[in-house]
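Residue numbering restarts at 1 for every chain, and letters A, B, ... go by the order of the sequence lines. The figures here come from the full heavy-atom set of this structure, side chains too, leaving out hydrogens, waters and symmetry mates.
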2 protein chains.
Amino acid sequence: MRTDTTFKRAFNDMIDILRTLDPGEELPSENALRAQLGVSRTTVRKVLAGMSARGIIISDVHRRIVHEQPSQIDRYPQEETLAISEQVETSFMEWMLRGGACPGTEINETELGRKFGVATTIIREFLNRFQKYGLIEKRPNAGWVFKGFTASFALELFEIREMFEMRSARLFAGLPDSSPVWKQIQSMRAAHLELLADIDSRFQDFSELDSRFHRLIGAVAPNRFIESFQDVIAMVFHYHYQWNKRDERARNEVAIGEHLALIEALESRDIALIDRACRLHLTSARETLLHSIA
Amino acid sequence: MRTDTTFKRAFNDMIDILRTLDPGEELPSENALRAQLGVSRTTVRKVLAGMSARGIIISDVHRRIVHEQPSQIDRYPQEETLAISEQVETSFMEWMLRGGACPGTEINETELGRKFGVATTIIREFLNRFQKYGLIEKRPNAGWVFKGFTASFALELFEIREMFEMRSARLFAGLPDSSPVWKQIQSMRAAHLELLADIDSRFQDFSELDSRFHRLIGAVAPNRFIESFQDVIAMVFHYHYQWNKRDERARNEVAIGEHLALIEALESRDIALIDRACRLHLTSARETLLHSIA
DNA sequence: AACTTGTTTTTTATGGATAATGATCAGACC
DNA sequence: GGTCTGATCATTATCCATAAAAAACAAGTT
């Protein structure tokens, strides 16, 4: 049976919306809430019904008013707001990167299903999607093989990444002065400087900034295949470094410096300089990753 | 219930094996047949049982002998040897490229399942795999959207293709004289010349040669992401041109000429020449594709 | 007429069942 | 000991069922 994670997530979000309203105030229409919560009206109504049942709001004919501020206690726990398929992703990553899965390990749909407590349908679906990351391979009629989070994986990943990022950086530099990206890149620089100034306490915020930075550069000339590849990179960094915190602060500080150099190069419009800064950053990122794998 | 397409394919293949044997001759062991047919011994035994039941072979204790040559009539029809998931691929491609699916069309799992006569599970699985081709996109909890086989698809595809092929061609040229690839590229040239000499009757053989040629060049420095992208290219050309035969002969003749030029450039080891030949070929292929889409 | 909410229909996400296939175990043969 | 076949067990491919969520329809309000 389908889980009601969408409802629970919407319920939690609704709590945040209600907290911006005063008791006695009238709620927005179902349609407005639908847009705000990003779910269907069916789900909105279910949330409203739940709120009513808890006495948080009072439903009248054709209107609803806030009765009392909901407390944080009413929230559903985070885990219950994740679709099974999302939970599977996390479980699988953990199994792969932390459990002793070595290159060549055979992946058994049935066994994974049992281990994670989900139906094999879900596992199959997940593996089919996960295939694009290049870490597993299918053998027809006989399950999957884990190819390993190995050095050659990292090298192949970075070979492509270098091609794509150099391409984007060059196109970026070719944009006219009137383009809004120059403003965006400036605020990007500011964000980097801010983070650098406070690096000791905020170094963990870098991961998100990194992703934003590279996506900004990549967005100048959209290409669906490059965007799809950015998902691969994001996955690798998200999960790998989530469980591999060694030297995190130093690593991030270095990367910020490289980003700033690249920003400067971009602003100079000097292709040779850009190429150099870009390659320098990617080489350093590659070495860091390789180092953390070994 | 699972279909027995593996069995039927193996059965057909076994017919071909039996035709190389004389009546009265003893069959290879189950294990040997398993290796030849590329299936499990369970399936081999089922095939042998079928052959026995039809009187084609005679099963004795610990041996089996050919009784009579199987006739082609005993073969299972081709369609029955394709797994449901493979049939779905064809059906979907046909729906997409020939049926009136225009950009933005919503893809409905249930409806497709009904139309193709298969369970929605299969459709979901297929769509998840198909996602990597960049032609469809998922909206959570609400199906898929067909993005269209459009000009921008072709342009984005070729942008990546150019990066990858130029990279491979350069690496190719850097291989030492002692490498076996130089021999392979020579026989590749011969195959092209042969086809060219007989272009009027054999122009349809080019598609397969094209794929082999590009894979040979790509194989010099394996990269899983590039290989995966070659699947995208293969899919596009296979299905698109399967239903779009306009100017096929002329198109292929031109491409053969470009391949020959690239081969010559590779053998010269001159990077500038290689780049030019490679780019020329890709530009021409891109224009051809764009032209056939419009 | 544009927006509401109430109701019904359709579709998706997930679990479960089963025949076909693959993998494993156990004697038999040489 | 290695290879063969017979028998059993485990896994995959496929279908089907169902609650949750989305979409469509209908009718009431302003």
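Of the two residues near DNA chain D, B:Arg45 and A:Thr110, the one whose nearest nucleotide lies more 5' is B:Arg45. With the nearest nucleotide of DNA chain C identified for both B:Glu109 and A:Asn31, A:Asn31 has the one nearer the 5' end. Taking for each of A:Gly117 and A:Pro28 the nucleotide of DNA chain C with the nearest heavy atom, the 5'-most of the two is the partner of A:Pro28.
As rounded to whole Å, 14 Å separates atom C1' of D:dT29 from atom CG of A:Asp60. Regarding B:Glu111, its CD atom lies at a distance of 11 Å from the C1' atom of C:dT10, rounded to whole Å. Residue A:Phe116 contributes atom CZ, which lies 17 Å from atom C1' of C:dG15 at whole-angstrom precision. Between A:Leu127 atom CG and D:dA13 atom P the separation is 11 Å, expressed in whole Å. Atom P of nucleotide D:dA22 and atom CD1 of B:Ile107 are separated by 19 Å, given to the nearest angstrom. Look at CD on A:Glu125: it is 8 Å from P on C:dT14, rounded to the nearest Å. Following rounding to the nearest Å, A:Arg63 (CZ) and D:dT30 (C1') show an atom-to-atom distance of 14 Å. Look at CD on A:Glu89: it is 16 Å from C1' on C:dA13, rounded to the nearest Å.
Using cut-offs of 30° and 60° on the angle between ring planes, the pair B:Phe229 and B:Phe164 is perpendicular.
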Next on the checklist: Walk me through whether B:Ile123 and B:Ile107 qualify under side chain to side chain contact (heavy atoms under 4.5 Å, CB included).
Outcome noted: CA-CA 10 Å; B:Ile123 301 282; B:Ile107 296 172; 5.9 Å; no

Checklist entry - Where do B:Val236 and B:Phe149 land on the side chain to side chain contact (heavy atoms under 4.5 Å, CB included) test, with the steps shown first? => result CA-CA 9 Å; B:Val236 168; B:Phe149 198 92; 3.8 Å; yes

Item to check | Criterion salt bridge (charged side-chain N to carboxylate O under 4.0 Å, His left out) on B:Glu208 and B:Arg212, from CA distance to verdict | outcome: CA-CA 6 Å; B:Glu208 195 243 329; B:Arg212 270 206 295 139; 3.5 Å; yes

Next on the checklist: If you apply the rule side chain to side chain contact (heavy atoms under 4.5 Å, CB included), what do you find for A:His214 with A:Arg161, and how did you get there?
Outcome noted: CA-CA 11 Å; A:His214 288 287; A:Arg161 187 178 186 188; 3.3 Å; yes

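Listed pair A:Ser29 / C:dT4 meets the phosphate criterion, a side-chain N or O lying under 4.0 Å from OP1 or OP2. The phosphate of D:dA23 has neither OP1 nor OP2 within less than 4.0 Å of any side-chain N or O from B:Asn108. For D:dA13, one of the phosphate oxygens OP1 or OP2 lies less than 4.0 angstrom from a side-chain nitrogen or oxygen of A:Arg124.
Taking the ring axis of B:Phe92 as reference, the NZ or CZ atom of B:Arg129 does not stay both within 45° of it and closer than 6.0 Å to the ring centre.
Counting any heavy atom pair closer than 4.0 Å across all strands shown, A:Arg64 reaches sugar-phosphate atoms only and no base atom.
Side-chain atoms of B:Arg2 and A:Asn141 include a donor-acceptor pair closer than 3.5 Å.
Considering only the side chain of A:Arg114, D:dT11 comes nearest among C:dT4, C:dA13, D:dT11.
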Item to check | nucleotides 17-27 of chain C: protein proximity per nucleotide (B base, S sugar-phosphate only, - neither; heavy atom, under 4.0 Å) | outcome: --BBSBBB---

